Engineer: 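Here's a structure for you.
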Amino acid sequence: MTGIPEHEVDVLLIGGGVAAAGAAEELRRKGFSGSIALATRESEAPYHRFYLTKDYLRGTVAADDLTVHSPEWWQHNDVQLWLRSPVQSLDPDAKTARVGRRTVRWDKALLATGANVRLLDCPGAGLAGVHYLRTTWNADELRKDLQTANELVVIGGSFVAAETAASAAASGVRTTMVFPEPVPLARSLGAPVGRIVEAELTRLGVVVYSGVTVESLRGDDRVSGVVLAGGAELAADTVVVGIGARPEVTLAKRCGLGLGETGGVLCDSTLRTSDENIWAAGDVCEFDSIRHGRSVRIEHDRVASAQGRHAARAMLGDDVSFTTYPYFWTTIGADLHIDVMAIEAPGHEAVEWELPVRPDRLAMHAAAEYPGPEPAVFYYRSNGETTGYAMVNGELSLPALHGILTDGHREIGRPQAAFGPWLVDRRGIPRIGR
């Protein structure tokens with residue numbers, strides 16, 4: 001890289017998501033007094049994306065409600081926020097970067113570039129009315145179309161697809177959902193929990209086509225139909241594609257960082273990349289996981305935030321492995337909430353537990369105004385070991401579960417003992433982990 005550095009920072013955070021924001025917060029919390037800059041191609045400060053398909057799409061929260069930190073926080077903590085400033089190149093040897101029009105010298109860097117949506121690859125995919133959801137701008141454009149839409153087709157069986165379909169149907173839009181898996185979210189939650197999701201989507205009015213693939217989209221300038229393999233056609237004046245995401249590793253490739261089998265930036269257990277002065281966090285991070293016994297990449301908001309904080313401590317000399325257990329949650333419409341804490345879930349056996357409390361303890365669930373699925377608890381099992389837990393419409397005692405997993409008591413034994421005193425009123429008690 002050429003050019004005299006116009007700026008110097010001690011820590012350069014590359015990316016505009018919760019991983020970079022978490023790193024900035026942790027550096028200051030730990031007493032780091034050096035200069036910090038967060039550079040992102042986005043026009044907004046870091047925000048929580050998981051609300052885009054839910055509250056934000058339905059218009060019940062504003063963009064300002066999604067932000068990780070207030071504008072005052074960045075100023076008070078002296079973190080430079082460089083918006084609309086993509087990092088175009090990174091030179092690990094010279095420890096410089098090209099950020100927008102700036103040449104920046106840095107001492108340590110965090111790569112938290114996130115992921116990009118997987119694009120639909122079929123004829124007609126570029127027609128007007130075809131949407132992807134990754135940013136507030138995407139959600140704003142979709143919300144405009146939904147105001148006049150007659151027929152919405154959601155392609156995919158992912159969290160984004162299921163949450164969007166539920167939100168659209170709840171808003172009164174005729175919605176159809178198509179995906180190749182046997183049930184929605186089968187890859188992430190397993191078939192038993194996926195069946196609960198499908199039943200709730202159907203109850204909300206979503207027409208579900210499982211086990212089918214899309215052959216093409218039809219239309220002149222704007223989409224008018226979705227053609228399925230076999231020739232059947234669904235009417236559609238609006239389409240949402242939710243078929244997953246790919247880690248954004250363009251910058252990592254350019255500067256020669258090692259990549260892993262899943263396509264992420266390869267890191268050791270402390271989240272350090274192949275360069276000793278660069279760490280990675282979030283969707284782009286493929287790290288050597290002690291918990292899993294192999295390299296993994298986890299695409300969840302809470303994991304990304306935790307990794308950003310962990311990388312910050314590593315920059316300050318903490319040589320400890322990242323061992324946080326993956327925890328995430330989703331809501332499908334207003335009446336289905338699912339919490340998951342799992343090392344492994346997809347492809348593993350999901351077993352329902354008999355609830356260890358009386359049904360009358362499940363406060364408010366039986367009321368007519370809350371017609372969602374009955375509370376249920378599942379555990380994931382592989383080779384005789386418990387690898388995770390899922391809770392439908394209840395409150396997990398996550399500290400108790402975390403303690404059991406951390407202590408290594410992974411034999412199934414008496415699963416009810418994992419809960420002890422667990423909270424069950426999902427509406428009257430603030431959510432754990434939100």
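These figures come from a predicted structure and were not determined experimentally.
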Engineer: Determine whether Thr176 and Val206 make a side-chain contact, defined as any pair of heavy atoms from C-beta on separated by less than 4.5 Å.
Structural biologist: no
Engineer: Centre-to-centre under 6.0 Å for Trp82 and His7, is that the case here?
Structural biologist: yes
Engineer: Do you know which two heavy atoms are closest between Ala311 and Leu110, and how far apart they sit?
Structural biologist: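 Scanning both residues completely, I find the closest heavy atoms to be CB-CD1, 3.7 Å.
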Engineer: Counting distance only, does the side-chain N/O of Thr324 pair as donor-acceptor with the main-chain N or O of Ala306 below 3.5 Å?
Structural biologist: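 A pair under 3.5 Å: no.
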Engineer: Between Glu25 and Arg309 (salt bridge meaning N to carboxylate O under 4.0 Å), is one present in this structure?
Structural biologist: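 Salt bridge flag = yes for Arg309 with Glu25.
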Engineer: Cation over ring, Arg143 on Tyr56, under 6.0 Å and within 45°?
Structural biologist: yes
Engineer: Looking at every heavy atom in both Asp283 and Ile298, which two are closest together, and how far apart are they?
Structural biologist: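 Shortest heavy-atom separation between Asp283 and Ile298 comes out as OD1-O, 4.0 Å.
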Engineer: Taking side chain as C-beta onward, heavy atoms only, is His310 less than 4.5 Å from Leu271?
Structural biologist: yes
Engineer: Rounded to the nearest 0.5 Å, what separates atom CG in Leu38 from atom CG in Leu83?
Structural biologist: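 Going from CG on Leu38 over to CG on Leu83, the span is 8.0 Å.
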Engineer: Before accepting this row, confirm whether a basic side-chain N of the pair Asp145/Arg222 lies closer than 4.0 Å to the acidic partner's carboxylate O.
Structural biologist: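 A salt bridge links Asp145 with Arg222.
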Engineer: Rounded to the nearest 0.5 Å, how far does NZ of Lys108 lie from CD of Glu276?
Structural biologist: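 Reported value, rounded in 0.5 Å steps: 9.0 Å.
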Engineer: Is a donor from one side chain sitting under 3.5 angstrom from an acceptor on the other, for Arg297 and Thr262?
Structural biologist: yes
Engineer: So Thr136 and Glu44, do their side chains get closer than 4.5 Å, heavy atoms only?
Structural biologist: yes
Engineer: Is any side-chain heavy atom of Cys267 less than 4.5 Å from a side-chain heavy atom of Arg272?
Structural biologist: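 No; the side chains remain at least 4.5 Å from each other.
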Engineer: Within the side chain of Thr67, is there an N or O that forms a donor-acceptor pair under 3.5 Å with the backbone of Ser70?
Structural biologist: no
Engineer: Taking all atoms of both residues into account, what is the closest heavy-atom pair of Leu259 and Ala252, and its distance?
Structural biologist: CD2-CB, 4.3 Å
Engineer: Quick one: do Lys30 and Asp318 make a salt bridge, cutoff under 4.0 Å?
Structural biologist: no
Engineer: Using the ring of each side chain (for Trp, its six-membered ring), is Phe328 parallel, tilted or perpendicular to Phe159, with breaks at 30° and 60°?
Structural biologist: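 Taking Phe159 first and then Phe328, their aromatic rings stand perpendicular (interplane angle over 60°).
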Engineer: Counting distance only, does the side-chain N/O of Arg28 pair as donor-acceptor with the main-chain N or O of Phe32 below 3.5 Å?
Structural biologist: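 At least one qualifying donor-acceptor pair exists.
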Engineer: Closer than 3.5 angstrom, by distance alone: can the side chain of Arg254 be matched with the main-chain N or O of Gln88 as a donor-acceptor pair?
Structural biologist: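 Side chain of Arg254 to backbone of Gln88: a pair is present.
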Engineer: What's the verdict on side-chain contact (heavy atoms from CB on, under 4.5 Å) for Val68 and Trp73, showing C-alpha distance, side-chain angles and the deciding distance?
Structural biologist: CA-CA 10 Å; Val68 179; Trp73 185 93; over 6 Å; no
Engineer: For this output row, return yes or no: ring centroids of Phe378 and Tyr389 closer than 6.0 angstrom.
Structural biologist: no
Engineer: Relative to each other, are the rings of Tyr51 and His48 parallel, tilted or perpendicular (30° and 60° limits)?
Structural biologist: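 Aromatic pair Tyr51/His48 classed perpendicular.
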Engineer: Could you pull out the closest heavy-atom pair between Ala245 and Glu299, with the gap in Å?
Structural biologist: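 Scanning both residues, the minimum pair turns out to be O-OE2, 3.8 Å.
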Engineer: For the atom pair CG (Leu111) and CH2 (Trp279), what is the distance rounded to the nearest 0.5 Å?
Structural biologist: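 Reported value, rounded in 0.5 Å steps: 12.5 Å.
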Engineer: Under a 3.5 Å cutoff, is there a donor and acceptor pairing between the side chains of Thr103 and Arg98?
Structural biologist: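 Yes, a side-chain donor-acceptor pair sits under 3.5 Å.
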Engineer: I'd like to know if the side chain of Ser295 pairs up with that of Glu286 as donor and acceptor (distance under 3.5 Å, no hydrogens or angles considered).
Structural biologist: no
Engineer: Side chains of Leu120 and Leu217: closer than 4.5 Å at any heavy-atom pair?
Structural biologist: yes
Engineer: Measure the CG-OG1 distance between Asp140 and Thr135 for me, rounded to the nearest 0.5 Å.
Structural biologist: 8.0 Å
Engineer: Taking Asn77 for the side chain and Val79 for the main chain, is one N or O donor matched with an acceptor at less than 3.5 Å?
Structural biologist: no
Engineer: Verify the distance criterion only: is there a donor paired with an acceptor across the side chains of Glu163 and Thr330 at less than 3.5 Å?
Structural biologist: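 Judged by distance alone, the side chains do pair up.
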Engineer: Nearest 0.5 Å please: distance from the CD atom of Glu72 over to the CH2 atom of Trp74.
Structural biologist: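 Reported value, rounded in 0.5 Å steps: 12.5 Å.
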Engineer: Do Val178 and Val214 come close enough that some side-chain heavy atom pair is under 4.5 Å?
Structural biologist: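 Yes, close enough: below the 4.5 Å cut-off.
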Engineer: Taking the six-membered ring of Tyr47, is the NZ or CZ of Arg49 close enough (under 6.0 Å from the centre) and on axis enough (within 45°)?
Structural biologist: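 Yes, a cation-pi geometry holds between Arg49 and Tyr47.
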Engineer: Do Leu152 and Leu146 have side chains that get closer than 4.5 Å, going by heavy atoms?
Structural biologist: yes
Engineer: Is a donor on one side and an acceptor on the other found under 3.5 Å between the side chain of Asp339 and the backbone of Trp329?
Structural biologist: no
Engineer: Please check: side-chain N/O of Ser158 versus main-chain N/O of Gly156, any donor-acceptor pairing under 3.5 Å?
Structural biologist: no
Engineer: Cut-off 3.5 Å, side chains only: do Asp275 and Thr273 have a donor facing an acceptor?
Structural biologist: no
Engineer: Counting N and O atoms only, with roles assigned by atom type, does the side chain of Arg313 sit under 3.5 Å from a partner on the main chain of Glu26, one being a donor and the other an acceptor?
Structural biologist: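 Looks like no, no N/O pair under 3.5 Å.
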Engineer: Could you pull out the closest heavy-atom pair between Gln307 and Gly282, with the gap in Å?
Structural biologist: OE1-N, 2.8 Å
Engineer: I'd like to know if the side chain of Ser167 reaches the main chain of Leu57, judged simply by a donor and an acceptor atom lying under 3.5 Å from each other, with no hydrogens or angles considered.
Structural biologist: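 No.
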Engineer: Got a sec: does the CZ of Arg41 have more than 12 other heavy atoms crowding it under 6.0 Å?
Structural biologist: no
Engineer: Is there side-chain contact between Ile243 and Val160, with at least one heavy-atom pair below 4.5 Å?
Structural biologist: no
Engineer: Of all heavy-atom pairs between Cys285 and Ala280, which one has the smallest distance, and what is that distance?
Structural biologist: SG-O, 3.6 Å
Engineer: Tell me, yes or no, whether the heavy-atom count around Glu141 atom CD, taken from other residues, nucleotides or ligands under 6.0 Å, exceeds 12.
Structural biologist: yes
Engineer: Under 4.0 Å between a side-chain nitrogen and a carboxylate oxygen: does that hold for Asp107 and Lys95?
Structural biologist: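 Yes, Asp107 and Lys95 are salt-bridged.
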Engineer: Check this for me, if you would: do Glu200 and Arg203 make a salt bridge, where the nitrogen-to-carboxylate-oxygen distance has to be below 4.0 angstrom?
Structural biologist: yes
Engineer: Any sub-3.5 Å donor-acceptor pair from Ser274's side-chain atoms to Gly258's backbone N or O?
Structural biologist: yes
Engineer: Would you please say whether a donor-acceptor pair under 3.5 Å links the side chains of Ser35 and Asp10?
Structural biologist: yes
Engineer: Any donor-acceptor pair under 3.5 Å linking the side-chain atoms of Glu248 with those of Thr250?
Structural biologist: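 Yes.
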